[in-house]
Peer 1: 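Pasting in a structure now, in structure tokens, and then I'll have a few things to ask.
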Amino acid sequence: MTGSAGPVAVAQRLRDGMAGGVLSFPLTAFRDDGALDPDGYRAYVAERLAAAPGAVFPACGTGEFFSLDEDEYRQVVSITVEEAAGRVPVVAGTGYGWAQAVRFARIAEDAGADALLVLPHYLVTAPQDGLVAQLEQITARTPLPLIAYQRGQVAFTADSLRRIAALPNVIGLKDGHSDLDRLQRLTLAAPEDFLFFNGASTAEIQARAYATVGVPAYSSAVHAFAPEIAGAFFTALRDHDHGTVDKLLRDFYVPLVELRDRVPGYAVSLVKAAARIRGHRVGPVRAPLTDPSPADLAALTALLTAGLDLVGATL
């Protein structure tokens with residue numbers, strides 16, 4: 001099932017998937033010269049899918065959506081749909097202003113994506129009416145279900161959440177602000193069947209806190225390079241195994257965040273470097289991101305080795 005189901009059916013598939021696994025945001029593979037590497041990406045995304053995510057989100061933030069041209073975007077989404085083969089929902093990223101977002105939306109629809117994640121619009125801040133209008137313009141021009149992403153300059157009020165939830169194709173919200181007061185107000189304002197998930201950077205750090213306001217589902221950047229660790233954390237959290245959760249947070253996730261925070265852009269660059277360390281053919285990041293320094297790569301290798309050891313896996 002790809003690209004043909006209505007919003008209700010897609011939302012249910014996502015709900016079922018989020019209950020059983022983390023949401024996977026695959027890296028986009030580039031060659032050393034910066035060109036897209038379709039074969040490398042196909043092999044990489046196949047391995048992500050083999051690790052049983054709840055859904056897969058190609059060409060989003062971790063996948064460097066902002067640096068893909070339209071043809072590259074088409075290849076990335078098409079390959080993901082082909083490899084997923086209906087096993088899990090495929091939610092493609094889209095963004096910029098609404099006119100450009102619609103161009104990407106139509107490519108994703110043609111490629112067979114099930115839904116779209118609407119990334120924060122480009123550059124400008126906007127009032128609430130404008131944030132709502134952005135989604136109105138997109139949903140009027142694509143049949144695909146939409147998940148809004150609030151992060152950076154996009155932050156919805158409870159009233160705006162009610163307005164976007166009333167749009168025919170808007171089925172959920174990804175939150176990257178980690179403002180639990182605001183998020184609780186949004187969950188209370190939303191219809192009962194509206195989807196929410198934790199989209200904070202290194203979301204596991206705040207997963208327990210998000211769950212207390214009714215948002216247990218989360219995206220996992222760690223799944224992009226260490227599904228063994230991501231899976232162990234998800235299982236421990238689901239089973240209320242607080243000892244294991246605390247150990248993984250203390251000995252792996254918190255040090256990873258401290259390393260991530262050293263340099264702007266490391267939220268993607270470190271993830272891609274970790275995937276390379278594990279032998280995945282994903283290549284470098286594209287400018288304006290930069291690859292980690294040798295010292296930070298050494299620290300990442302040591303941390304990754306220790307993290308895998310915690311769950312009985314090896315580098």
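The first residue of the sequence shown is numbered 1, and numbering continues consecutively from there.
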Peer 1: Under the side-chain contact (heavy atoms from CB on, under 4.5 Å) rule, what do Asp129 and Val132 come out as? Steps first, then yes or no, please.
Peer 2: CA-CA 5 Å; Asp129 284 348; Val132 173; 5.8 Å; no
Peer 1: Just to verify, what does Phe196 make a ring pair (Phe, Tyr, Trp, His ring centres under 6.0 Å) with, not counting sequence neighbours?
Peer 2: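 In terms of ring pair (Phe, Tyr, Trp, His ring centres under 6.0 Å), with neighbours along the sequence ignored, Phe196 is linked to Phe194.
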Peer 1: Regarding Ser201 and Arg151, is there a side-chain donor-to-acceptor distance under 3.5 Å anywhere?
Peer 2: yes
Peer 1: Does one side chain, of Gln128 or Ser160, offer a donor that lies under 3.5 Å from an acceptor on the other?
Peer 2: yes
Peer 1: Can you tell me if Thr187 uses its side chain to pair, donor with acceptor, with the backbone of Gly214 under 3.5 Å?
Peer 2: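 Not at all, since once roles are kept as given, no pair shorter than 3.5 Å links the two residues.
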Peer 1: Kindly check if the number of other-residue, nucleotide or ligand heavy atoms within 6.0 Å of CG (Asp32) is above 12?
Peer 2: no
Peer 1: Taking the side chain as C-beta and beyond, is there a heavy-atom pair between Leu183 and Val215 under 4.5 Å?
Peer 2: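 With C-beta onward as the side chain, the pair touches.
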Peer 1: Do Lys174 side-chain atoms and Gly199 backbone N/O form a donor-acceptor pair below 3.5 Å?
Peer 2: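 No, the answer is negative, given that no donor and acceptor are paired below the 3.5 Å cut-off.
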Peer 1: Answer with yes or no whether the hydrophobic clustering places Leu68 together with Leu27; edges join I, L, V, M, F, W, Y residues whose side-chain heavy atoms lie under 4.5 Å apart.
Peer 2: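 No; Leu27 is not reachable from Leu68 via cluster members.
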Peer 1: So, Phe197 versus Tyr149, ring centres under 6.0 angstrom or not?
Peer 2: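 Distance test on ring centres: not under 6.0 Å, no.
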Peer 1: Would you say that Val91 contacts Asp114 through its side chain, given a criterion of any heavy-atom pair below 4.5 Å between the two side chains?
Peer 2: no
Peer 1: Checking Phe225 against Ile277 for the side-chain contact (heavy atoms from CB on, under 4.5 Å) test, could you report, in this order, the C-alpha distance in whole Å, the side-chain angles of both residues, the deciding distance, and whether it holds?
Peer 2: CA-CA 9 Å; Phe225 63 86; Ile277 289 167; over 6 Å; no
Peer 1: Do the side chain of Arg31 and the main chain of Leu36 share a donor and acceptor less than 3.5 angstrom apart?
Peer 2: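 Pair found, side chain donor or acceptor close to backbone of Leu36.
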Peer 1: Please state whether the rings of Phe57 and Phe25 are parallel, tilted or perpendicular, taking 30° and 60° as the class boundaries.
Peer 2: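 The rings of Phe57 and Phe25 lie parallel, inter-plane angle below 30°.
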Peer 1: Please tell me whether Val268 and Val22 are part of a single hydrophobic cluster in this structure, the criterion being side-chain heavy atoms less than 4.5 Å apart.
Peer 2: no
Peer 1: Report yes or no: is the cationic atom of Arg286 (NZ for Lys, CZ for Arg) under 6.0 Å from the centre of the six-membered ring of Phe30, at an angle within 45° of the ring normal?
Peer 2: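 Yes - Arg286 lies over the ring of Phe30, closer than 6.0 Å to its centre and within 45° of its axis.
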Peer 1: Using atom types as modelled, flag every donor-acceptor pair under 3.5 Å from a side chain in residues 296-303 to any protein atom, sequence neighbours excluded.
Peer 2:
residue	atom	partner	partner atom	Å
Asp296	OD1	Arg262	NH1	2.5
Asp296	OD2	Tyr266	OH	2.8
Asp296	OD2	Ser293	OG	3.4
Thr301	OG1	Leu297	O	2.9

Peer 1: Check step by step if ring pair (Phe, Tyr, Trp, His ring centres under 6.0 Å) holds for Tyr73 and Phe104.
Peer 2: CA-CA 8 Å; Tyr73 176 86; Phe104 282 102; 4.7 Å; yes
Peer 1: Do Leu144 and Asn169 have side-chain heavy atoms sitting under 4.5 Å apart?
Peer 2: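 Side-chain contact under 4.5 Å: no.
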Peer 1: Cut-off 3.5 Å, side chains only: do Gln206 and Ser178 have a donor facing an acceptor?
Peer 2: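 Note: Gln206 and Ser178 side chains meet the donor-acceptor criterion.
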Peer 1: Phe233 and Tyr253: aromatic ring centres closer than 6.0 Å?
Peer 2: yes
Peer 1: Can you confirm whether more than 12 heavy atoms, excluding those of Arg276, are under 6.0 Å from its CZ atom?
Peer 2: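 Above 12, so yes.
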Peer 1: Tell me if a side-chain donor or acceptor on Thr80 pairs with a main-chain N or O of Val76 at a distance below 3.5 Å.
Peer 2: yes
Peer 1: Is a donor from one side chain sitting under 3.5 angstrom from an acceptor on the other, for Gln100 and Glu70?
Peer 2: yes
Peer 1: May I ask whether Phe65 and Val271 are part of the same hydrophobic cluster, defined by side-chain heavy atoms of I, L, V, M, F, W, Y residues being less than 4.5 angstrom apart, directly or through others?
Peer 2: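 No, Phe65 does not connect to Val271 through the hydrophobic network.
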Peer 1: Hey, is Asp181 close enough to Arg185 for a salt bridge, meaning N to O under 4.0 Å?
Peer 2: yes
Peer 1: Please tell me whether Arg48 and His280 have a donor and an acceptor in their side chains that are separated by less than 3.5 angstrom.
Peer 2: yes
Peer 1: Can Asp246 and Arg208 be counted as an ion pair, charged N to O under 4.0 angstrom?
Peer 2: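 So Asp246 pairs with Arg208 through a salt bridge.
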Peer 1: What is the distance from atom CD of Glu228 to atom OG1 of Thr314, rounded to the nearest 0.5 Å?
Peer 2: 8.0 Å
